[in-house]
Number of protein chains: 2
Amino acid sequence: MKTIKNKNLKSLDQFVDEQYGKKGTKKRDNFEKGYEEFKLGFILQQARLEKGMTQEELAEKVGTNKGYISRVENNIKDVRISTLQKIIEKGFGGHLELAIKM
Amino acid sequence: MKTIKNKNLKSLDQFVDEQYGKKGTKKRDNFEKGYEEFKLGFILQQARLEKGMTQEELAEKVGTNKGYISRVENNIKDVRISTLQKIIEKGFGGHLELAIKM
DNA sequence: AAAAAAGTTGCACGATAATACAACTTTTTC
DNA sequence: GAAAAAGTTGTATTATCGTGCAACTTTTTT
């Protein structure tokens, strides 16, 4: 067992700029469509790294396997609200907050 | 077509107090477990009523049927993140915001 | 109190999330 | 640069959501 260093932690904005280019570019615009979902995986990954956990450790706490965690973090899978809550509560000891922004 | 009056709108806290009793009582404590999911349905219903929409009108905007909306508002069904986004975006013209609270 | 509108519930079917495990690839460690 | 750890991906199975429609109940309107 070891502690993961936080050197890879970066802000979402920073990450997106690097990965998809600045706002206004075609690639970035295309990306923006799937943004919310992407953000979810990113947030979960950030939370995990901040706690210094591996995907496998998180999986064990949540009661699933690392393959599933990997897919969620990479937005390969849509998730149910209850699953998201389970990950956050059991995995991080926090809770999910939902809001509708107008 | 008619406009629904907002007389039934009430705060979540008010509603929960009425329905489950004040904090500390056994019934209320039991309720707190499923709280977040309940809250989701409640929030969706509040948003709909604030817009003066019926379940059927919302369903049409979202591209589903009123039966499904009813079940979601009453927390009979778990929902996927993508479905929640669809309801909020197409139905209310807003967007979903997710956060992890520690 | 009858009619209309709104909301709930039952059932069936197709789509897909959740789960499990193993093999493979990438990253980190020594 | 070899070994170990971490992460990704393929495949199969099970559970459940999302959709559609109809019948029923409750609420609102006239």
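All values derive from a computational prediction rather than experimental measurement. Just so we're on the same page: letters track the sequence lines, and every chain starts at 1.
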At how many degrees, to 10°, do the end axes of the helix from dA1(C)-dT30(D) to dC30(C)-dG1(D) meet when each uses five pairs? 70°
Expressed in angstrom and rounded to an integer, what is the separation of I69(B) atom CD1 from dC21(D) atom P? 16 Å
Give the rounded distance in Å between these two atoms: CD of E57(B) and C1' of dG7(C). 13 Å
Round to a whole Å and report the spacing from CG of L58(B) to P of dG7(C). 10 Å
Are any side-chain N or O atoms of K90(A) and backbone N or O atoms of G63(A), one a donor and one an acceptor, separated by less than 3.5 Å? no
5'-most contact on DNA chain D (nearest-nucleotide basis), T83(B) vs G67(B), goes to T83(B)
Identify which nucleotide among dC21(C), dT8(D), dT8(C) has an atom closest to any side-chain atom of S70(B), counting heavy atoms from C-beta outward. dT8(C)
Anything under 3.5 Å between a protein N or O and an N or O of nucleotides 11-15 of chain D, put it in a table, one pair a line.
none

Between dT25(C) atom P and N74(A) atom CG, what is the distance in whole Å? 17 Å
Against the side chain of K77(B), the closest entry in dG7(C), dC17(D), dT8(D) is dC17(D)
Send over the distance from E73(A) CD to dT8(D) C1', rounded to a whole Å. 11 Å
Taking the minimum atom-to-atom distance to the side chain of R48(B), which one of dA17(C), dG7(D), dG7(C) wins? dG7(C)
Expressed as a whole number of angstroms, how long is the span from K66(B):NZ to dT25(D):C1'? 11 Å
Locate the shortest heavy-atom distance separating R48(B) from M53(B); write the atom from each residue and the value. NH1-O, 2.9 Å
Length of the CD-C1' vector between Q55(B) and dT19(D), whole Å: 16 Å
Is any side-chain heavy atom of F92(A) closer than 4.5 Å to a side-chain heavy atom of I87(A)? yes
Flag side-chain contact, heavy atom, 4.5 Å: L84(B) against L44(B): yes
Can you tell me which nucleotide in dT9(D), dG20(D), dT19(C) comes closest to the side chain of I76(A)? dT9(D)
Rounded to the nearest angstrom, tell me the gap between atom CD in E60(B) and atom C1' in dA6(C). 15 Å
